[in-house]
Number of protein chains: 2
Amino acid sequence: MLHGLTMLPALPETLETPEHNTAIHRMPGHQVRRLQQVAVALFAEELQPWDITPVQYAVLATLERHTPISQTTLSALIAYDRATIGGVIDRLDAKGWLSRTLDPDDRRLRLLSLTPAGRDVLACLHPPVKAVQARLLAPLSVDERQQFEALCLKLLRHHGG
Amino acid sequence: MLHGLTMLPALPETLETPEHNTAIHRMPGHQVRRLQQVAVALFAEELQPWDITPVQYAVLATLERHTPISQTTLSALIAYDRATIGGVIDRLDAKGWLSRTLDPDDRRLRLLSLTPAGRDVLACLHPPVKAVQARLLAPLSVDERQQFEALCLKLLRHHGG
DNA sequence: AGCATATCATATGCATTCTTACGAATTCAA
DNA sequence: TTGAATTCGTAAGAATGCATATGATATGCT
């Protein structure tokens with residue numbers, strides 16, 4: 001079962017049909033927000049045993065491929081705010097999943113690396129995260145999933161992603 | 001120009017191509033999050049003169065069509081958390097754009113209505129909000145926009161929206 | 001070398017977003 | 001009618017998300 005908001009409370013009978021709020025519900029901005037909401041809920045449900053958030057996974061998964069990198073490089077890779085990433089890294093550091101070391105060549109930089117524990121956890125995380133993606137697109141046919149990805153990527157490409 | 005994060009910092013030369021982080025960037029969850037990020041940035045930019053957030057607009061626009069309703073009904077209509085809506089309504093109330101009155105028939109309910117000022121503001125907000133939606137989908141052809149909306153709606157319908 | 005500029009990380013502040021929990025009020029049932 | 005279960009709004013806590021400002025460190029220009 002999904003958590004929280006994705007399970008909407010029942011509406012009064014006079015407001016039951018979606019048509020009653022067409023204006024907002026037909027805006028792509030609203031649709032994208034709702035999809036994000038669903039994706040986060042699915043993630044929380046599937047990853048519940050590990051108590052990890054989508055951002056935290058994104059950080060770990062990126063460090064698996066790019067090590068060592070600075071916080072700024074990391075935030076650019078996953079398109080998160082530099083300031084926000086700081087707190088995320090604090091929590092991952094507290095869990096012992098990554099380490100920060102001062103770059104001897106540039107002491108402004110804190111180079112991030114996965115710890116062995118972080119690497120082990122990440123191996124366990126990949127399957128449920130894949131399951132989240134599968135469940136998110138499950139309502140679509142194979143063709144539609146490819147269309148959806150292509151459209152998303154086209155939008156992001158043109159919006160500077 | 002977009003604000004903040006949508007303008008990503010430059011990456012080191014060794015990491016410049018998107019292919020370097022394929023795993024995450026090909027996940028629909030990540031793509032949806034990025035799209036939401038872009039949509040919020042476009043909204044903030046276009047609505048800057050009014051200092052209003054997407055949630056606040058959603059509340060006002062919904063009250064324009066459904067008045068008066070309780071906070072819980074409102075949150076269900078726009079798929080926002082009940083607790084979250086409370087703070088949003090506080091701010092809109094402080095701006096004098098909506099009013100809360102106790103329902104005499106059920107004193108648990110605070111019925112929400114737009115004030116005349118709120119109605120006036122909303123009239124000014126609709127055009128720039130429409131512009132945000134247009135800019136968000138601008139990279140797509142007319143056909144593609146319809147496809148994108150259809151796919152979003154199909155996903156949301158099956159995910160309990 | 002010395003100074004101005006730019007970059008990295010962080011701190012702060014504000015607004016979301018959601019979970020859990022709780023008091024107040026209402027509805028349902030025995 | 002009284003007691004139990006529900007519902008409404010809110011409070012508290014954790015994590016995001018972004019803008020702005022600050023300190024430390026590099027880099028570039030002269």
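No hydrogens, no waters, no symmetry mates; every other heavy atom, side chains included, goes into these values. Chain letters run A, B, ... following the sequence lines, proteins first, then strands; residues in each count from 1. Computed from a predicted model, the values in this text were never measured in an experiment.
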Quiz prompt | Residue whose nearest DNA chain C nucleotide is more 5′ - R108(A) or G86(A) | solution = R108(A)

Exercise. To the nearest 0.5 angstrom, please state how far the CG atom of L155(A) sits from the CG atom of L153(A).
Key: 9.0 Å

Quiz item: Does L74(A) belong to the same Ile/Leu/Val/Met/Phe/Trp/Tyr cluster as L122(A), with side-chain heavy atoms less than 4.5 Å apart forming each link?
Solution: yes

Practice problem: Tell me what V88(A) touches on the nucleic acid: a base, only sugar-phosphate, or nothing, going by heavy atoms under 4.0 Å. | Solution: sugar-phosphate

Self-check item: Nucleotide nearest S70(A) (side chain, heavy atoms from C-beta), chosen from dC18(D), dC8(C), dT17(C)
Solution: dC8(C)

Quiz item: If you look at every strand shown and take non-hydrogen atoms under 4.0 Å, does V40(B) touch a base, only sugar-phosphate, or nothing?
Solution: nothing

Practice problem: Starting from C1' on dA15(C), measure out to CD1 on I52(B) and report it in whole angstrom. | Solution: 13 Å

Self-check item: Selected nucleotide, minimal atom distance to Y80(A) side chain, candidates dT10(D), dG17(D), dA9(C)
Solution: dG17(D)

Exercise. Measure from the side chain of R107(B), starting at C-beta and using heavy atoms only, and say which of dC18(D), dA25(C), dA9(C) lies closest.
Key: dA25(C)

Quiz prompt | Upstream residue (5' side of DNA chain D) when L109(B) and A83(A) are each assigned their closest nucleotide | solution = L109(B)

Practice problem: Indicate, yes or no, whether a donor-acceptor pair under 3.5 Å links the base of dG9(D) to the side chain of R82(B). | Solution: yes

Quiz prompt | Check: H30(B) main-chain N/O paired with H25(B) side-chain donor or acceptor under 3.5 Å | solution = no

Quiz prompt | Euclidean distance, atom CZ of residue R110(B) to atom C1' of dT10(D) [Å, nearest integer] | solution = 10 Å

Exercise. Give one of base, sugar-phosphate or nothing for T84(B), where a contact means two heavy atoms less than 4.0 Å apart.
Key: base

Exercise. Would you kindly give the CG-to-C1' distance between D81(B) and dA15(D), to the nearest whole Å?
Key: 14 Å

Exercise. May I ask you to check whether H126(B) and Y57(B) show a side-chain donor-acceptor distance below 3.5 Å?
Key: yes

Self-check item: For atom CG of L92(A) and atom P of dA15(D), their distance in whole Å
Solution: 11 Å

Quiz item: For Q37(B) and dT16(D), is the shortest distance between a side-chain N/O and OP1 or OP2 below 4.0 Å?
Solution: no

Exercise. Flag this pair as yes if the NZ/CZ of R33(A) is under 6.0 angstrom from the six-membered ring centre of Y80(B) and inside a 45 degree cone about the axis; otherwise no.
Key: yes

Practice problem: Give a yes/no answer on whether the side chain of T72(A) brings an N or O atom under 4.0 Å of OP1 or OP2 in dT7(C). | Solution: no

Self-check item: Residue Q71(A), side-chain heavy atoms: nucleotide from dT26(C), dT10(C), dT19(C) that is nearest
Solution: dT10(C)

Self-check item: D90(A) CG to dA15(D) C1', straight-line distance once rounded to whole Å
Solution: 12 Å

Quiz item: How is Q36(A) classified with respect to the nucleic acid when contacts are heavy atoms under 4.0 Å: base, sugar-phosphate, or nothing?
Solution: nothing

Quiz item: What integer distance in Å separates L35(B):CG from dG17(D):P?
Solution: 14 Å

Quiz item: To the nearest angstrom, how far is I89(A) atom CD1 from dG17(D) atom P?
Solution: 14 Å

Quiz prompt | Toward the 5' end of DNA chain D, by each residue's nearest nucleotide, D103(A) or P54(A) | solution = P54(A)

Practice problem: Round to the nearest Å and state the distance from I85(A) atom CD1 to dT10(C) atom P. | Solution: 11 Å

Quiz item: Would you say the side-chain atoms of S70(A) and T73(A) include a donor-acceptor pair closer than 3.5 Å?
Solution: yes

Quiz item: Between Q56(B) and dA15(C), is there a side-chain N or O to OP1/OP2 distance below 4.0 Å?
Solution: no

Exercise. Examine dT10(D): is either OP1 or OP2 under 4.0 Å from a nitrogen or oxygen in the side chain of R100(B)? Give yes or no.
Key: yes

